[in-house]
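Notes follow once the structure below has been shown.
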Amino acid sequence: MSNPQKKNIDLSGHENFEIVGAREHNLKNISIAFPRNQLVVLTGISGSGKSSLAFDTIYAEGQRRYMESFSAYARSFIGNLERPDVDKINGLSPVISIEQKTTSRNPRSTVGTVTEIYDFMRLLYARAGEAFSYLSGDKMVRQSEDQIVDTILTNFAGKKLTLLAPVVKGRKGHYRELFVQIRKQGYAKVRVDGEVLDITAKMQVDRFKIHDIEIVIDRIVPNQKDRHRIGQSINTAMKEGKGVIMVMEENGKVQHFSKFLMDPKTGLSYDEPAPNNFSFNSPYGACPACTGLGVIEEITEDSVIPDKKLSISRGAILPLGEYRDIWIFKKIEAILKRYKLTLSTPVKEIPKDALRILLYGDDEPVAVASVKYPGTEWNTKFEGIINFLQKQKDEGSDNIRKWIEDFTTTKICPECGGARLKKESLHFKIDNKNIAQLAELNISALQKWLGGLENRISEKQRLIATEVLKEIRKRIGFLLDVGLDYLHLNRPLRTLSGGEAQRIRLATQIGTQLVGVLYILDEPSIGLHARDNTRLIKALKDLRDLGNSVIVVEHDKEMMLESDYIIDIGPGAGRHGGTVVAAGNPQAFLKSDSTTAKYLNGKLAINYKRNRRKGSGEKIQLLGATGNNLKEVDLEIPLSTLTCITGVSGSGKSTLVHDTLFPILNQHFFNSRTEPLTYKKIEGLKLIDKVIEVDQSPIGRTPRSNPATYTSVFTDIRDLFAQMPEAKIRGYKTGRFSFNVKGGRCETCEGAGLRLIEMEFLPDVYVPCETCKGKRYNRETLEVRFKGKSISDVLDMTVEEAVTFFENQPKILRKIQTLSEVGLGYISLGQHATTLSGGEAQRVKLATELSKRDTGKTLYILDEPTTGLHFQDISHLLDVLQKLVDKGNTVLVIEHNMDVIKSADYIVDLGPEGGAGGGRIIAKGTPEQVAKNPASYTGRFLKPELN
């Protein structure tokens, strides 16, 4: 029988994927067929309907069919998934979607846990790790009873010894019952805190002191002929001491023996190691101080009293604010009175003792005169402001906790030093490294350490570790294949960009070695330097060559040309898109007339100004930045220019800009509490008047957030609806048109338009509200109309439609127009924030900032603003950024996209490699100057673009 995989035919006899009559969102009854077991790229202008076809049609139908395969009983717990609006799909394989939006916000999810590498390393350390004592640093030993007998006979021959079984170690208590129990077992003596005593009736010890108690099991003089008796005594001692015994010589010197891991010098013993002893998510392995997070949040004196020149009455204690006639100020006044001070005394003049009582309280009652009963006093203890805040942080409501976050600072856990694990777990080593040290190495350094490890460990360790090391190496290889060599295993998943998180999931999927699956990826090249792109394409081809079909939604030129088949959806965005403009293999596609094909074959190009701006002649200088992998970097940003920070992934761009420069500026202009990474000094802050960072974090975590509320244009729209004659007759105010307060909203879904269905073992699903059908408002509110449209109809409009609809409302138009200018004409005003990609969220933020009046002295910081943008949209975005610079502002962009880099006035290229091999400025200057620098990878890829 011939193999169906060879002919790309699925088991039902279909050679191609066939989609007939797809009408989801803006798709216009699309019917298309494309080959199975191929790398297929879906491209087109942003908002043309690529995601609607890939995720909302193909993936949604695949997921629905999977759910259909469950039993009726199982389905009753899950609910039915809606069938996508498509006539039929033939040849559909099981579908796995790798999107950008599915990253975890949990600080416990790390690169190591999600790729399973850390799980294998835990197994490796539990089975092959060597234990060392954290007290003496000596190697721990475990011995069998026979080995202990041999050691005693050899080392202590002819000496008088006392065999002891420890029963209490370093604990308080009177232990009366314990002594009675020991006596009943037939023992006559015990050793208490180093002194051997006879057990007497009603014997007890001081209950408030810490004690060590051992049972005296036997007294022996080791001799070969008494071996049997010594063996029996040791066996009894082992039982009583739960695997641990002590041997005391006549001079009182003690040696410990254990069948568990034990330090013979100090008697310290460890439990038998298990994989969960090395997990920071398990109580058995996590550091008790930080519960395995590596950091602790503290409310400190400096965060509660930032300015000590102020007095308490003038608001020196930030959580209390300025003086009011309330109970707590009267208590503080009474405490200060003891020290002959008043509320008007500056904090810097208050003695340390008094300040400590104010912040941490004490047991002495504080007398405050009663208002209700004049002439009487209330005597109560004062718990202290920091103690009160800490208690509220642990027990208070969500709003209170959010408020207290303003006074907390995050610092590395002093107990584990950020290693996340108990000290016992950190003293298991392989080749002189503990598991936390390996988790801090980047992937390429970890691969280097694993190279030839078998030659550096013992024969016994080698036998145990061989299979585990094979699995670890395999998974590390997959991460290297997708260009993630600069990440380390301890890196929290929530700090990764959408593209990085997606490539980690891709590496995990390659590792599963599944066959016959349809993978759908959403722009995996985000955040990748052009140099690393070839590795990603190879990884996708490997996935295809295993016998899988791969669909990639992508705008990257190289990815399209390397694919087997290209489908271009367009021609425009939103209602102007939704049709297949061109489809075919790359050679045929390049000959077509679509906009994408014209950019690929060179008929269209993104133009740039040949004469670069020189700027205002002034600059901001950040000197001596050494955070993470940076090596004494001196950064110069010429003002009134478009400056690009470039470099391979992991070279230190984000460390330099987001973790060092932005926190410095944010502290200077807005008194932010975020501490920058280490640097020597910064010059030129007076030359700008504010900083705006536009990153890719979501604009909201619930369906209540949307572009209209984020840009605040919705406030103006609600004001407009409240001015309508119908609204005035009914007495409706602006609040009636809010979906976040009672009155005008639908109370079933509380104005969300969606209801959350919690799935038992699948991601939660939002379904439209059955009462308002997703309109968010009640019937009465929807009866108020402007130009024939209700408030719900306005939220459903695309930005492009709203520009025409509100053309005579200048205040509203200005904000909506900027959304259109940054290439978001296709999204609806009320689109749920949870459905926006990272790039779209970033452009909503950019539009919000652009709609504000600029001063001409603003520094804008953008992180890969081209994410999710087609060539044509990049051209529009560059026009917007160039307009900002023309007004005198400075735009600083972290970017990998060559079209943006070639349009910059000034480039700073970091490198040469990622991780430890990066952190230096390799090239700086105009694009032409950088292109001539042979050491710069960016320059190599930039050269052909400039030509």
Side-chain angles (χ1 to χ4, degrees), residues 107-126 128-130 132 275 278-281 285 287 292-295 412-413 416-421 425-457 461 465 468-493 495-496 500-501 503-504 507-508 511 532 535 626-631 648-652 654-655 659 677 911-920:
R108 294 184 179 280
S109 282
T110 64
V111 172
T113 58
V114 87
T115 54
E116 297 177 355
I117 293 173
Y118 193 76
D119 299 337
F120 281 105
M121 278 172 46
R122 290 193 293 123
L123 184 63
L124 180 68
Y125 270 81
E130 291 181 328
F132 292 84
F278 302 95
S279 168
F280 44 78
N281 294 329
C287 161
L293 290 172
V295 291
I412 288 174
C413 170
C416 63
R420 297 174 151 217
L421 296 170
S425 306
L426 294 172
H427 282 79
F428 281 82
K429 297 187 178 179
I430 293 176
D431 191 28
N432 294 325
K433 282 203 185 301
N434 65 35
I435 193 166
Q437 289 169 320
L438 292 190
E440 283 299 328
L441 295 177
N442 64 42
I443 301 293
S444 54
L446 183 59
Q447 188 198 31
K448 218 172 273 178
W449 181 81
L450 287 167
L453 179 64
E454 284 88 345
N455 303 327
R456 305 196 300 274
I457 56 179
Q461 284 177 309
V468 182
L469 288 172
K470 201 184 286 177
E471 289 295 329
I472 293 174
R473 286 190 181 118
K474 193 164 79 177
R475 280 163 171 75
I476 284 174
F478 297 139
L479 284 176
L480 294 171
D481 288 346
V482 293
L484 291 173
D485 48 347
Y486 57 92
L487 294 181
H488 54 81
L489 297 183
N490 249 358
R491 174 90 176 257
L493 218 56
T495 64
L496 301 179
E500 286 171 332
R503 291 200 297 284
I504 280 182
T508 312
D532 301 321
R535 287 151 88 180
T626 53
N628 293 344
N629 65 337
L630 297 180
K631 298 172 178 72
V648 299
S649 307
S651 56
S654 295
T655 300
D659 301 336
L677 296 178
E913 298 296 331
R920 293 194 298 275

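All of these numbers come straight from a predicted model, not from anything done at the bench. What's counted below: heavy atoms across the whole structure, side chains too, no hydrogens, waters or symmetry copies.
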| field | Derivation of the side chain to side chain contact (heavy atoms under 4.5 Å, CB included) call for I117 and R475 | value | CA-CA 7 Å; I117 293 173; R475 280 163 171 75; 3.6 Å; yes
| request: Would you indicate whether the side-chain heavy atoms of M121 and I472 approach each other to under 4.5 Å? | output: yes
| task | Check whether any side-chain heavy atom of Q461 sits under 4.5 Å from a side-chain heavy atom of E130, and report yes or no. | result | yes
| task | Indicate the atoms forming the closest heavy-atom contact of T495 with R491, along with that distance. | result | OG1-NE, 2.8 Å
| Can you name the closest pair of heavy atoms from V648 and G914 and give their distance? | CG2-N, 3.7 Å
| Is there a donor-acceptor contact under 3.5 Å linking the side chains of S279 and N281? | no
| field | K631 NZ: over 12 foreign heavy atoms closer than 6.0 Å | value | yes
| said: Could you report the tightest heavy-atom contact between A419 and A436, atom names first, then the distance? | reply: CB-CB, 3.7 Å
| message | I need the minimum non-hydrogen distance between R920 and P912, along with the two atoms involved. | response | NH2-CD, 3.6 Å
| request: Kindly indicate whether the side chain of V111, heavy atoms from C-beta on, has any atom under 4.5 Å from the side chain of H488. | output: no
| field | Gap between atom OG of S425 and atom CZ of R122 - 0.5 Å precision | value | 11.0 Å
| message | Quick check for you: to the nearest 0.5 Å, what is the distance between E440 atom CD and K433 atom NZ? | response | 11.5 Å
| query | With distance as the sole test, does R473 use its side chain to make a donor-acceptor pair with the main-chain N or O of L450 at under 3.5 Å? | reply | yes
| task | Check whether any side-chain heavy atom of F132 lies under 4.5 Å from a side-chain heavy atom of N434, and answer yes or no. | result | no
| request: Working to the nearest 0.5 Å, report the span between CG of L124 and CG of L453. | output: 7.5 Å
| request: Check the pair D485 / R535 against salt bridge (Lys or Arg N to Asp or Glu O under 4.0 Å), numbers first and verdict last. | output: CA-CA 11 Å; D485 48 347; R535 287 151 88 180; 3.8 Å; yes
| How long is the gap from CG on L479 to CD1 on I443, to the nearest 0.5 Å? | 5.0 Å
| query | What class does the angle between the rings of F280 and Y118 fall in, given that below 30° is parallel, 30 to 60° is tilted and above 60° is perpendicular? | reply | tilted
| query | Considering residues at least two apart in sequence or located in another chain, which fulfil the side chain to side chain contact (heavy atoms under 4.5 Å, CB included) criterion with I412? | reply | none
| field | Side chain proximity check, N629 to Y486, heavy atoms < 4.5 angstrom | value | no
| What do the steps show when you test L123 against E471 for side chain to side chain contact (heavy atoms under 4.5 Å, CB included), and what is the final call? | CA-CA 11 Å; L123 184 63; E471 289 295 329; over 6 Å; no
| request: Run the numbers on L489 and L446 for side chain to side chain contact (heavy atoms under 4.5 Å, CB included), then give the verdict. | output: CA-CA 9 Å; L489 297 183; L446 183 59; 3.8 Å; yes
| Taking only residues two or more places apart in sequence, or in another chain, which ones meet V114 in a side chain to side chain contact (heavy atoms under 4.5 Å, CB included)? | L493, I504
| Sub-3.5 Å donor-acceptor pair from the side chain of R503 to the main-chain atoms of V482, do we have one? | yes
| Looking only at heavy atoms, which two atoms of E454 and L469 are closest? And how far apart? | OE2-CD1, 3.6 Å
| field | Intermediate values then yes/no, side chain to side chain contact (heavy atoms under 4.5 Å, CB included), E500 and L484 | value | CA-CA 8 Å; E500 286 171 332; L484 291 173; 4.2 Å; yes
| remark: Rounding to 0.5 Å, atoms CG (L487) and CG (L441) come to a distance of 13.0 Å
| note | Minimal heavy-atom distance between G627 and T655, with the atoms involved, is O-CG2, 3.4 Å
| field | Flag, side chain of N628 to backbone of L677, donor-acceptor distance under 3.5 Å | value | no
| message | Any heavy-atom pair between the side chains of L438 and I430 that's under 4.5 Å? | response | no
| said: As an exercise, state the distance from CZ of F278 to OH of Y125, rounded to the nearest 0.5 Å. | reply: 8.5 Å
